[in-house]
*Asks:* 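The structure follows.
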Amino acid sequence: MKILDKLAVLDRRIIYLLVGLAVIIPMLIPLGLPVDITRPVQNVYDKIESLTEGSIVLMSTDYDPGSEAELYPATEAIIEHCFRRNLKIYMMGLWPAGSALGERALDTLARVHGKRYGSDYVNVGYRPGGAVMLLSLGRNFRDVIRVDYTGRPIDSLELGRQVRSARDITLVMTLSAGDPGVIHWVQYFHARFGTPICAATTAIMAPRQYPYMNSGQLVGLLGGLKGAAEYETLVKRRGRGLTGMDSQSIVHVLLVLFIILGNVILINQKRKKSAPGAG
Amino acid sequence: MFWIGFLIISALNIEAFDTPNDDGSSITITWPADTNLPVMEIMRSLDPGRGFEKIGDVALRDSLFQDAAAARGKDYFYRLRWTDPEGEKFSNVAGPVRARIQLLNFFRLRNIGLLIAILFAVIIFYIRHARSGKKVTIRRIPGLTAVDDAIGRATEMGKPVLFVPGIMDIDEPQTIAAMSILARVAEKTAEYGTTLFVPTCHAMAMTMAQQVVKESAIRAGRPDWYNIDNIRYLTDDQFGYVSAVDGIMLRDRPATNFYLGSFYAESLILAETGHSTGAIQIAGTAMSDQLPFFVAACDYTLLGEELYAASAYLSQEPVQLGSLKGQDLGKFLFIAIIIFGVITRLLGWNFFYNLFSVQQ
Amino acid sequence: MFIQTIGIWIGAFLTLAIFSFLYRDNPVYKVAENLFVGVSAGYWAVVLWFDFAWPNLFAPLFQGRIYYIIPILIGILMFAPLFPKISWLVRIPLTFTMGVAMAVAITQYIQGDIIPQLQGTFLPLRGVPFFTAFSNLLIILGVIFTLIYFYFSKEHKGALGVGAKIGVWFMMVSFGASFGYTIMARVSLLIGRVYYLLHDWLRVVR
Amino acid sequence: MKRTIPLVIVFTCGFFMLTAFFIPVRFVQDMSQMLQNWYVGVAAFFVFIGIINLIKINLEKIQRKLRDWQYSFILLGFLFFMMFAGFVLRGHTAGPVFQYMFNYFYTPCSATMFSLLAFFVASASFRAFRAKTPEATLLLIAAVIVMIGRIPVGYSIWHGFPSLVEWIMTVPNTAANRGIIFGINLGLISMALRVLLGIERSYMGGGD
């Protein structure tokens, strides 16, 4: 029991160090553990597979750098899939800080797939107004969107002219880190215009999306980095999601050990107290 | 030629009617959904004899069109037009139909207004009930019965008490609830003459906290005890605030920490630092994401609504007690509705289920 | 390109500076922290002006809708506390926002949450596979018992007490679940930063 | 008057918005839409207040040479530079300088600040998350199952793990969340009602 007593007063920096190593080492020396595909992620993949070439996917970057780590990999994986299937991407965002991130992902991948801005994809950037805005958007995009991300008139862009109302959108893919986000797309855009909604959310939000998935208001869901990793497996693209998964595994195991150990220590201390004579 | 037209007409039968529950600015045209319908144009006319004008396109798989451009009180006629290999085709002509104004959205009144009315009535009734001096009892709330002991303990150890009223401003109901708990905590600490720190994340929250504590000090008959410098505004920045509060915990080593109000990511940091300083921790929030950490790391946690109940329980203020009672009746109502709904579905009746559709 | 490289180095420096807090609070961290507070405050000031204040209040005013002067004045009253004599005027913007927000909230909660969620709980127990029916029953009971836990008018004794207890169990399981998910989220953020250091900055991970 | 005017405002605004929800007449709808825009605009002022407070506090810090007053220069410096980049150099979405500051100063800082939580979670799991009560025990067990079941390792241990987690998420998790939502919404609704009726005034701050 000596060790336990020592552990009880363990300096937290040692714990920090262990966590750090548990993240770094698997990244340098990948284990390549197999990633299982969960139903919600499969649904998103199948949905996009089912779309006909040239149909338009609306991607909404409803997150900011705070959750970039979780949602940027998903952003890339989805864009990759869309471009491969020659789908057009109409990108917007409900969070001011998200557009810059979406722009970066579009740029890099468009170059890889030789897509042209304006005809294959556009980015109209951040649109304030949350739920209220979504309603007028679905009715008529012109009411809300007149210029694109860089201030170019939307009508000067082929894709911009193509999209007039919710009818022209075959799928909404929201990358959501909070409010406004997936809830508003479901409760307003889907409810009013019936456009199918897929979502990638932070792991924190994922649990609360399950009711909507059961009721079919939400087609599919990528939950956190794991969701992105699953999607990368599906589109066979080793991105940050998969790179991170090994670290994810190791850290989780470590944390579980911590919790168990911590409680063993607790029990040990309790026994000490109750033991006759002992302090 | 004519008989082909006749066939088509019988093939697609459209209906037009005044859109219900709107301000009389639109007419709705519907037709049986059919997946192999082509892209169609919707045509409108005031006088079929004079021919139709195109007013819009109908996307594939649609079976509904709303003509929002219809002028109120005019008689309109509608039909659909499309072309296929055999040439131009038309649906039947629907109409005359005129857009009428409705002053009330009866759909919303029925399934939302009704519920609002019931809840309001119940809550107001019990508030008046409580105000009229009738006794309203509330079950004891475990976290609260611990409050006095926790403060007492701090007093014995001669250490301060820390009260964190969440990181949202005073437009957040949880912050308000936290404040009325603060009132009680301040009163007790004033009685015992124990130091009480209240760091806030917003300027307005600070002013409010100062008011509350000052008044409690007077109520406890210890106005001298009140020290304005113990109720400080630190910073609006979430993590800046948390690390500052951590600083207080590590420097002044409070023996009792209260985390009551609305919390985000910082809940964990606070609870852990507090735990490491060996303080008794009483937490409470309605942010369901953060409750797990509080439950796991604190000695007592007020779960969700218990936070609001607690402030009523402590203040014994009729308004709060009354509205709490009202809410309880609301819950009772919900349980009844759920059970009834499940039974009706078991029996295969759908009217009740459909009653709860928010969308028309 | 060169300017980008510098940027990445700055980013790396700030990242490490903030991590240094884990060892102990130190000047380098304080620099990064204050820098962050400054930058983000400035960021939000700009965003709020261009995306909220301007389009909702000032743009219409300059388009000739004079009455938009009203909300602008209401907003300006927000600064009243800076002048003790008229500080009470701050209550006007406060009450205005409260009035609108609360009213919208009421309808929103009922239309967007309560009614759909009630409907969602009328789950079929017949004509579905046995296990589904069983799960549905669990959901229904879970909701009811959780509600019972939040029933404050009576002491939790007897049947009520049992119900409340079961309600707590349901809640604890769901808390455990979101606990797990939250941890996963936090770890992902850390992975993101380490990836930035190893990939964008040091280029040792592809 | 210091009380009545505010109460009149909260009552009229509130009940207008409430009734407008049921009245489809265009004029009423436009009015309520306008009030909502006003709300968004006015609410923005809150943040400007926050920023002014921030500036005030740090200036005081510097004047009175309080603890760590030197850092306030950094804070204010970057605050003003950011505003300069946004307002003077214009165009907050596409302005190059503003973007640069955002990408290489704001982004890494905010992301790292949040990632610190991973470490705190770790030390909390070791030092703070204790099965003190039966409830806490149940919570921790569920947590451990989910944590293992969501990662590749768990899948390798037992292929049934992911589906077990899915079930936990779709059944007990959904049930409890619903119950909690009902409770919280009821609480907020009655709070809202009290505010509109002027029974609840605490948010106005003390004083007459």
Side-chain angles (χ1 to χ4, degrees), chain C residues 7 10-11 14-15 18 22 30 34-39 41-43 45-46 48 50 52-53 56-57 71 74-75 78 88 91 93 95-96 98-100 102-103 105-107 109 113-114 117 135 138-139 142-143 146-147 150 170-177 179-180 183 186-187 189-190 193, chain D residues 2 6 9-10 13-14 17-18 21 35 37-45 47 49 51 54 71 74-75 78-79 82-83 86 92 104-106 108-109 112 114-115 117-119 121 135 138-139 142-143 146-147 168 171-179 181-183 185 189 192 195-196 204:
Chain C
I10 296 172
L14 291 172
T15 309
I18 294 174
L22 292 169
K30 285 212 181 71
N34 284 274
L35 180 151
F36 175 48
V37 177
V39 171
Y43 174 80
V46 173
L48 277 151
F50 282 106
F52 292 87
N56 286 300
L57 302 185
I74 296 180
M78 209 77 91
W88 69 275
R91 287 176 183 172
T95 46
F96 170 75
M98 280 301 255
V100 176
M102 287 295 176
I106 293 173
T107 46
Y109 290 137
D113 257 336
I114 293 180
Q117 291 294 317
S135 302
L138 271 184
I139 293 181
V143 175
T146 313
L147 276 173
F150 287 114
F170 268 92
M171 275 190 277
M172 287 307 149
V173 172
S174 100
F175 288 164
F179 181 100
I183 288 184
R186 304 305 182 208
V187 172
L189 297 182
L190 174 57
R193 290 328 288 162
Chain D
K2 291 183 177 184
I9 293 175
V10 82
C13 293
M17 294 302 290
L18 210 50
F21 181 76
L35 278 182
N37 296 347
W38 288 14
Y39 167 75
V40 175
V42 173
F45 278 83
V47 176
I49 289 292
I51 289 164
L54 196 65
Y71 297 101
I74 299 173
L75 190 155
F78 276 91
L79 170 61
M82 202 65 180
M83 293 210 269
H92 69 293
Y104 299 113
F105 287 80
Y106 181 82
C109 282
T112 312
F114 279 97
S115 72
L117 288 159
F119 294 99
V121 164
E135 288 79 15
L138 188 57
L139 186 154
V146 170
M147 285 170 71
I168 292 182
V171 178
N173 171 55
T174 310
N177 272 326
R178 276 208 183 125
I181 288 174
F182 286 139
N185 282 346
I189 287 171
V195 168
L196 295 190
M204 282 198 272

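It should be emphasised that the depicted structure is a prediction, and the values quoted were computed from it without experimental measurement. Order of the sequence lines sets the chain letters (A, B, ...), proteins ahead of strands, with each chain counted from 1. Every heavy atom of this structure was used, including side-chain atoms; hydrogens, water molecules and symmetry mates were not.
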*Asks:* At a heavy-atom separation under 4.5 Å, does D:Val171 approach chain C through its side chain, its backbone, both, or neither?
*Replies:* both
*Asks:* Can you find a pair of side-chain heavy atoms, one from C:Ile74 and one from D:Phe45, that are under 4.5 Å apart?
*Replies:* no
*Asks:* Run D:Met147 and C:Ile183 through side chain to side chain contact (heavy atoms under 4.5 Å, CB included) and show every step you take.
*Replies:* CA-CA 8 Å; D:Met147 285 170 71; C:Ile183 288 184; 4.0 Å; yes
*Asks:* With a 4.5 angstrom heavy-atom cut-off, is it the side chain or the backbone of D:Leu196 that approaches chain C, or both, or neither?
*Replies:* side chain
*Asks:* Which atoms of D:Ile181 are under 4.5 Å from chain C, going by heavy atoms: the side chain, the backbone, both sets, or neither?
*Replies:* side chain
*Asks:* Show the nearest heavy-atom pair for residues C:Gly142 and D:Ala175, with the distance to one decimal.
*Replies:* CA-CB, 3.9 Å
*Asks:* Which atoms of C:Tyr43 are under 4.5 Å from chain D, going by heavy atoms: the side chain, the backbone, both sets, or neither?
*Replies:* both
*Asks:* Where is the tightest heavy-atom contact between D:Gly86 and C:Phe50, given as atom of each residue plus distance?
*Replies:* O-CE1, 3.7 Å
*Asks:* Measuring heavy-atom distances to chain D, does C:Leu14 have an atom under 4.5 Å in its side chain, in its backbone, in both, or in neither?
*Replies:* side chain
*Asks:* Holding to side-chain contact (heavy atoms from CB on, under 4.5 Å), I want the full list of residues that pass it with C:Pro71, two or more places apart in sequence or in another chain.
*Replies:* C:Leu57, C:Tyr68, D:Trp38, D:Val42
*Asks:* Looking at every heavy atom in both C:Val39 and D:Met82, which two are closest together, and how far apart are they?
*Replies:* O-CG, 3.6 Å
*Asks:* Do the side chains of C:Phe36 and D:Tyr106 get nearer than 4.5 Å, heavy atoms only?
*Replies:* yes
*Asks:* I need the residue from C:Gly42, C:Ala103, C:Gly75 with the largest number of non-hydrogen atom pairs under 4.5 Å to chain D.
*Replies:* C:Gly75
*Asks:* Please flag which part of C:Phe179 lies under 4.5 Å from any non-hydrogen atom of chain D: side chain, backbone, both or neither.
*Replies:* side chain
*Asks:* What I'd like to find out is whether the side chain of C:Val173 reaches to under 4.5 Å of the side chain of D:Ile168, using heavy atoms alone.
*Replies:* yes
*Asks:* Do you know which of C:Pro93, C:Ala41, C:Ala53 has the most heavy-atom pairs with chain D at a distance under 4.5 angstrom?
*Replies:* C:Ala41
*Asks:* When rounded to the nearest 0.5 angstrom, what distance separates CE in D:Met17 from CD1 in C:Ile106?
*Replies:* 11.0 Å
*Asks:* Give, for atom CD of C:Gln117 and atom CZ of D:Arg178, the distance between the pair rounded to the nearest 0.5 Å.
*Replies:* 4.5 Å
*Asks:* Heavy atoms only, distances under 4.5 angstrom: which of C:Leu138, C:Ile18, C:Leu147 has the most pairs with chain D? Name it, please.
*Replies:* C:Ile18
*Asks:* Is any side-chain heavy atom of C:Val37 less than 4.5 Å from a side-chain heavy atom of D:Leu54?
*Replies:* yes
*Asks:* Quick check for you: among D:Ala43, D:Ala118, D:Cys13, which has the greatest number of heavy-atom pairs under 4.5 Å with chain C?
*Replies:* D:Ala118
*Asks:* With rounding to the nearest 0.5 Å, note down the distance linking CD1 in D:Ile9 to CZ in C:Phe96.
*Replies:* 9.0 Å
*Asks:* At a 4.5 Å cut-off on heavy atoms, which part of D:Tyr39 comes close to chain C: side chain, backbone, both, or neither?
*Replies:* both
*Asks:* Could you check D:Val195, D:Leu18, D:Val10 and say which one makes a side chain to side chain contact (heavy atoms under 4.5 Å, CB included) with C:Met102?
*Replies:* D:Val195
*Asks:* Given heavy-atom pairs under 4.5 angstrom as the criterion, report whether the side chain, backbone, both or neither of D:Phe105 touches chain C.
*Replies:* both
*Asks:* Rounded to the nearest 0.5 Å, what separation is found between the OG1 atom of D:Thr174 and the CD1 atom of C:Ile139?
*Replies:* 5.0 Å
*Asks:* Sequence neighbours excluded, which residues qualify as side-chain contact (heavy atoms from CB on, under 4.5 Å) partners of C:Thr15?
*Replies:* C:Phe19, C:Arg193, C:Tyr196, C:Leu197, D:Pro108, D:Thr112
*Asks:* Between C:Gly11, C:Gly180, C:Gly7, which residue shows the highest count of heavy-atom pairs closer than 4.5 Å to chain D?
*Replies:* C:Gly7
*Asks:* How long is the gap from CG on C:Leu35 to SG on D:Cys109, to the nearest 0.5 Å?
*Replies:* 5.5 Å
*Asks:* Any idea which heavy atoms bring D:Pro172 and C:Ser174 closest together, and the distance?
*Replies:* O-CB, 4.3 Å
*Asks:* Relative to chain C, which of D:Leu75, D:Val146, D:Asn173 shows the most heavy atom pairs under 4.5 Å?
*Replies:* D:Leu75
*Asks:* Find the distance between CE (C:Met171) and CG (D:Leu138) and round it off to the nearest 0.5 Å.
*Replies:* 11.5 Å
